[in-house]
Amino acid sequence: MEINDHKMMNHPLIIGHRGAKGLVAENTLESIQKALDHRVAGIEIDIHRCNTGELVVIHDETVDRTTNGKGKVCKLTLEDLKTLEIDGQYKIPTLDEVLQVIDGRCLLNIELKGEKTAKLTVKAIQECLKNKKWSRENFLVSSFDWSQLQKVQKLDPEIRLGVLSEGKLKKAFKMAKKLNAYAIHPDYTLLKRHHMWRAKRRGLKVFTWTVNAEEAVEKVKNLNVTAIITDYPDRYATV
Ligand code: G3P
Ligand code: CA
């Protein structure tokens with residue numbers, strides 16, 4: 001179903017946060033597969049660049065919280081990272097591995113976390129677009145680091161961009177205009193009806209995060225958001 005069909009039915013798109021973080025260890029292939037099993041409209045992942053130049057899917061700057069290892073992702077080689085375990089059973093995936101698993105079956109929201117991620121992400125997206133299974137509508141690149149988004153825009157102005165914001169939305173709207181962004185990605189607790197009006201006037205979609213509790217889902221549904229990024233796609237993928 002296309003984004004606009006969902007909107008006409010007032011059904012926000014359900015996007016699995018870090019795969020299906022509430023169900024399986026975040027940002028793993030297994031978590032992504034779980035989100036796909038629940039027929040999500042999209043999946044959100046976090047990207048860093050490791051020491052040998054590959055893009056890897058992990059939320060934090062270091063591997064300390066999510067794996068049995070220690071150290072900064074940007075200082076570790078892909079070989080180092082692949083020896084680490086997440087919850088004793090999973091591995092840190094590369095972006096390429098995630099792309100192979102998703103295989104054009106849903107929207108992929110790639111959040112650029114680390115430095116020097118823009119150019120490699122553009123390259124990976126452009127490579128996918130050579131394959132008929134993927135189209136530009138499958139990709140949405142977001143970041144709190146708006147300088148990375150500016151780089152993406154310079155390299156490929158047709159890639160859809162989402163301006164992430166964890167504070168007041170005024171600056172995010174300004175940046176969205178400058179970047180000709182596709183969407184703004186506000187923290188749902190800060191999202192108000194006047195923001196929705198402004199987004200509508202400017203032709204911006206609204207992807208809000210991280211919406212887990214039922215009351216929170218009700219709130220953002222009533223605001224008519226485009227998409228809900230949630231840890232629990234099992235609860236809401238049929239909302
Ligand atoms: O992209 C939405 C959300 O993932 C942003 O926050 O910290 O979970 O990456 P965080
Ligand atoms: Ca994220």
Side-chain angles (χ1 to χ4, degrees), residues 3 12-29 31-32 34-35 40-49 55-67 73-74 86 92-95 98-99 102 106-115 117-118 121 124-125 138-149 152 159-169 171-173 175-176 179 181-191 195 199 204-213 216-217 219-220 223 225-233 236-237:
I3 286 184
L13 300 171
I14 300 301
I15 312 292
H17 186 227
R18 309 185 198 171
K21 178 177 180 277
L23 308 174
V24 180
E26 67 186 58
N27 284 320
T28 59
L29 294 180
S31 200
I32 287 158
K34 182 62 83 180
V40 288
I43 290 171
E44 188 262 4
I45 56 168
D46 304 292
I47 291 291
H48 284 268
R49 182 183 184 274
L55 290 179
V56 288
V57 182
I58 184 166
H59 181 271
D60 300 356
E61 242 179 59
T62 74
V63 298
D64 302 10
R65 177 180 61 88
T66 53
T67 77
V73 177
C74 66
I86 300 170
I92 299 171
T94 61
L95 174 62
V98 168
L99 291 167
I102 296 182
C106 70
L107 173 84
L108 178 60
N109 176 191
I110 304 173
E111 183 188 341
L112 307 182
K113 282 288 188 201
E115 283 178 9
T117 46
T121 301
I125 292 173
N138 285 117
F139 293 101
L140 178 55
V141 176
S142 61
S143 191
F144 291 110
D145 179 351
W146 299 340
S147 68
Q148 292 298 319
L149 296 181
V152 172
I159 290 179
R160 290 179 171 182
L161 298 177
V163 178
L164 262 164
S165 166
E166 51 192 343
K168 288 191 177 165
L169 285 176
K171 283 187 182 158
F173 273 112
M175 184 47 69
L179 289 168
Y182 178 75
I184 51 161
H185 293 218
D187 172 345
Y188 84 89
T189 61
L190 300 175
L191 186 61
H195 297 129
L204 284 166
K205 310 284 184 200
V206 180
F207 282 59
T208 192
W209 53 275
T210 303
V211 195
N212 289 333
V217 170
K219 171 194 154 165
V220 297
L223 287 174
V225 297
T226 317
I228 293 174
I229 300 177
T230 180
D231 293 339
Y232 297 99
Y236 305 118

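Atoms within a ligand are numbered from 1 in the order they appear, just like the ligands themselves.
- Counted within 6.0 Å of NZ on Lys34, heavy atoms from surrounding residues, nucleotides or ligands total 12 or fewer; the atom is thus considered open.
- No other N/O/S atom of Glu44 lies as close to the Ca ion (ligand 2) as OE2 does.
- In terms of polar-atom proximity, defined here as any N/O pair under 3.5 Å, Glu44 does make such a contact with ligand 1.
- Annotation for ligand 1: atoms under 4.0 Å from non-hydrogen atoms of Phe144 are 5 (C), 6 (O).
- The OD1 atom of Asp46, the Ca ion (ligand 2) and the OE1 atom of Glu111 define an angle of 90° (nearest 10 degrees).
- For a threshold of 3.5 Å applied to N or O pairs, the pair formed by Thr210 and ligand 1 contains no separation below that value.
- The N/O atoms of Glu111, backbone and side chain alike, include one that comes under 3.5 Å of an N/O atom in ligand 1.
- A donor-acceptor pair shorter than 3.5 Å cannot be found between the side chains of Asp145 and Ser143.
- With Leu108 as the fixed residue, the side chain to side chain contact (heavy atoms under 4.5 Å, CB included) test singles out one of Leu140, Asn138, Ile125, Leu99: Leu99.
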Q. Going through the distances and angles, do Ile47 and Val57 end up as a side-chain contact (heavy atoms from CB on, under 4.5 Å)?
A. CA-CA 5 Å; Ile47 291 291; Val57 182; 3.9 Å; yes
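- In the vicinity of Asp46, heavy-atom distances shorter than 4.0 Å reach the ligand 1 atoms 9 (O).
- Considering both main-chain and side-chain atoms, His17 comes within under 3.5 Å of ligand 1 through a nitrogen or oxygen pair.
- In this structure, the separation between CG on Leu179 and CZ on Arg160 is 15.5 Å, given to the nearest 0.5 Å.
- Judged purely by atom type and a 3.5 angstrom limit, Glu44 has no side-chain atom pairing as donor or acceptor with the backbone of Asn109.
- Distance alone, capped at 3.5 Å, places no donor-acceptor pair between the His48 side chain and the Lys113 backbone.
- Remark: ligand 1 atoms within the under-4.0 Å shell around heavy atoms of Lys113 are 7 (O), 9 (O), 10 (P).
- Taking only nitrogen or oxygen atoms, main chain and side chain alike, His59 reaches within less than 3.5 Å of ligand 1.
- Interface of Arg18 with ligand 1, defined as ligand atoms under 4.0 Å from a residue heavy atom, comprises 7 (O), 8 (O), 10 (P).
- In this pair, Phe144 and Trp209 present their aromatic rings perpendicular. The plane angle is above 60°, beyond the 30 to 60° band.
- At a heavy-atom distance under 4.0 Å, no atom of Glu166 approaches ligand 1.
- Between the CG atom of Leu13 and the CG atom of Leu107 there is a distance of 7.5 Å, given to the nearest 0.5 Å.
- Of the protein's heavy atoms, Trp209 CG, 3.5 Å lies nearest to atom 2 (C) of ligand 1.
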